[in-house]
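Heads up, the thing below is written out as C-alpha cells.
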Amino acid sequence: MRFVFQMSGYGDPALDEEAVQLLEQRLEKKSRQVMPGMWSLTDRLNGHASGDSGRENRKMRYRTYGGVLLALGVLALAAGLREPRTPSLIWAGGFAAFCGGMEFLSARKKRPHIPPASCRNEAIRLLDRLRGVDWSAPANRMELCFTGDGLTIAGAEEEKTVPYGEIKSIFETERLWLLIYGEEQAILLKKEDLQEGDPSEFLPYIREKCAK
C-alpha cells in the first residue's frame, strides 16, 4: 500500500483553526503522558457529569473538577520550573491549569471552548513558515511517500527516509493531518495533497505501522 502527497500551498484560511486544533490534540496527549492519574480522574468526572442536567449539580461539577485540574496543574507547573527544568512537565502543568481555570469559571454557564494561547501561537508560526514557501517552484517541490518501509521525503535536491519507528504520533482534523517524528519535528499534511491512496485508510495504516 502506498500513500503519496505532493505538497502545495497553505493559503486556505480554514486551515488556521484546524492547525490550532491539531496542536491542542498534541498538547493534551503530552499532558496525559506526564500526568495520567490526573487525566484518569478528569475522565471519570466527565463521564459521571454526562448524565447530569441540573443547574446546581452542573455548577458544583464544574467547580469541583475545575479546582482539581487547576490545583494539580499549578503543582506540576511549579515542579517543572524547578532546576533542572522539565519542559514536558511545564507544558502539561500549564495546559491542566488552563483547562481547570476555564472549567472553574464556567460554573454558571458552559462557555465556548478556547484553545490555549500557546497552541494558537505555535499554529501561527507553523502556517506562516509554510505560507512563505512557493511550493510550485521547481526548487521547492516536495513529495512525501508512505510505503511499507517508512516515509520517504523527496525534495528537488535531496531525499531522506523516516522509519515508522521514528514517528511518534499523528493527529487528524477535517482537512489536515499533523505527523510528529524524530526530535519533535512536525509535518502538516493537507488531505487534498494526497495524490495516491485512500484518505480514509491513511490514519489507520500509519498507526498500525507505528504500533509494529
Side-chain angles (χ1 to χ4, degrees), residues 1-10 12 15-16 18-36 39 80 84-92 95 115-116 118-119 121-212:
M1 189 176 292
R2 282 165 49 94
F3 297 89
V4 180
F5 292 81
Q6 182 65 56
M7 302 285 278
S8 65
Y10 289 76
D12 186 353
L15 302 182
D16 293 20
E18 292 199 24
V20 176
Q21 293 170 24
L22 288 168
L23 291 168
E24 188 174 10
Q25 290 178 36
R26 174 193 171 205
L27 181 57
E28 179 177 329
K29 181 178 180 180
K30 292 177 69 174
S31 178
R32 286 179 178 274
Q33 290 172 339
V34 174
M35 294 185 291
W39 279 102
R85 295 190 175 186
T86 309
S88 60
L89 200 56
I90 294 172
W91 273 67
F95 182 68
S118 61
C119 295
N121 292 337
E122 189 174 351
I124 290 172
R125 288 193 295 270
L126 176 60
L127 286 172
D128 282 349
R129 186 169 69 252
L130 293 170
R131 286 168 176 165
V133 177
D134 179 4
W135 295 101
S136 63
N140 297 326
R141 290 182 64 82
M142 184 176 295
E143 181 179 274
L144 291 85
C145 182
F146 294 83
T147 64
D149 298 324
L151 162 63
T152 300
I153 305 173
E157 299 181 354
E158 62 177 345
E159 179 176 305
K160 69 175 181 178
T161 299
V162 179
Y164 287 111
E166 293 185 15
I167 296 177
K168 296 181 177 179
S169 51
I170 183 168
F171 308 98
E172 181 181 31
T173 57
E174 181 182 352
R175 299 174 179 84
L176 299 169
W177 287 294
L178 177 66
L179 187 143
I180 308 297
Y181 72 98
E183 296 298 325
E184 293 298 297
Q185 293 172 281
I187 300 176
L188 190 63
L189 297 169
K190 301 200 312 299
K191 293 184 179 181
E192 66 181 39
D193 287 345
L194 183 61
Q195 305 297 307
E196 182 180 338
D198 186 340
S200 65
E201 297 178 355
F202 178 67
L203 190 62
Y205 177 80
I206 299 302
R207 286 179 171 167
E208 179 186 355
K209 289 293 185 180
C210 292
K212 293 179 180 178

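Residues satisfying the ring-ring contact (aromatic ring centres under 6.0 Å, His included) criterion with Tyr181, sequence neighbours excluded, are absent altogether. In terms of the salt bridge (charged side-chain N to carboxylate O under 4.0 Å, His left out) criterion, Glu24 has no residue partners (sequence neighbours excluded). The salt bridge (charged side-chain N to carboxylate O under 4.0 Å, His left out) check on Glu183 picks up nothing, with sequence neighbours excluded. Arg129 is linked by a salt bridge (charged side-chain N to carboxylate O under 4.0 Å, His left out) to nothing, counting only residues two or more places apart in sequence or in another chain. Lys30 is linked by a salt bridge (charged side-chain N to carboxylate O under 4.0 Å, His left out) to nothing, counting only residues two or more places apart in sequence or in another chain. Under the rule for a ring-ring contact (aromatic ring centres under 6.0 Å, His included), the partners of Phe3 that lie at least two apart in sequence or sit in another chain are Phe202, Tyr205.
Proximity of Phe146 to Leu194: side-chain heavy atoms (C-beta onward) are nowhere separated by under 4.5 Å.
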Subject >> Working for side chain to side chain contact (heavy atoms under 4.5 Å, CB included), residues Arg141 and Met7 >> reply: CA-CA 7 Å; Arg141 290 182 64 82; Met7 302 285 278; over 6 Å; no

Original post:
Should Glu172 and Lys191 be marked as a side chain to side chain contact (heavy atoms under 4.5 Å, CB included) after you check the CA-CA gap, both sets of side-chain angles, and the distance that decides it?
Top reply: CA-CA 10 Å; Glu172 181 181 31; Lys191 293 184 179 181; 2.8 Å; yes

**OP:** Would you sort out whether Ile170 and Leu203 count as a side chain to side chain contact (heavy atoms under 4.5 Å, CB included), showing the intermediate values?
**Re:** CA-CA 8 Å; Ile170 183 168; Leu203 190 62; 3.4 Å; yes

Subject >> Intermediate values then yes/no, side chain to side chain contact (heavy atoms under 4.5 Å, CB included), Gln185 and Ile180 >> reply: CA-CA 6 Å; Gln185 293 172 281; Ile180 308 297; over 6 Å; no

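Here the CG atom belonging to Leu144 is positioned 9.0 Å from the OG1 atom belonging to Thr152, to the nearest 0.5 angstrom. Note that the CD1 atom of Ile153 and the SG atom of Cys145 stand 11.0 Å from one another [nearest 0.5 Å]. Between the CD atom in Glu192 and the CD atom in Gln6 there is a gap of 12.5 Å [rounded to 0.5 Å]. Distance CG/Leu178 to OG1/Thr173: 9.0 Å, rounded to 0.5 Å.
A salt bridge between Glu122 and Arg26 is present, with a side-chain N of the basic residue lying under 4.0 Å from a carboxylate O of the acidic one. Between Arg131 and Asp16 there is a salt bridge, since at least one side-chain N of the basic residue sits less than 4.0 Å from a carboxylate O of the acidic one.
Counting only distance, with no hydrogens or angles, the side chain of Glu18 and the backbone of Arg175 share a donor-acceptor pair below 3.5 Å. Looking only at distances, no side-chain donor or acceptor of Asp193 sits under 3.5 Å from a matching main-chain atom of Phe5. Checked by atom type and distance alone, the side chain of Trp135 pairs as donor or acceptor with a backbone atom of Leu130 at under 3.5 Å.
No side-chain donor from either of Asp149 and Thr147 sits under 3.5 Å from a side-chain acceptor of the other.
When all heavy atoms are compared, the tightest approach of Cys210 to Tyr164 is SG-O, 3.9 Å. Here the closest heavy-atom approach between residue Lys190 and residue Leu176 is recorded as CG-CD2, 3.8 Å. Nearest heavy-atom pair, Pro163 versus Thr161, reported as atom, atom and distance to 0.1 Å: CD-O, 3.7 Å. The two residues Leu15 and Leu127 have their closest heavy-atom pair at O-CD1, 4.0 Å. Of all heavy-atom pairs between Leu22 and Leu188, the closest is CD1-CD1, 3.6 Å. Shortest non-hydrogen contact noted between Pro115 and Val20 is CB-CG1, 3.6 Å.
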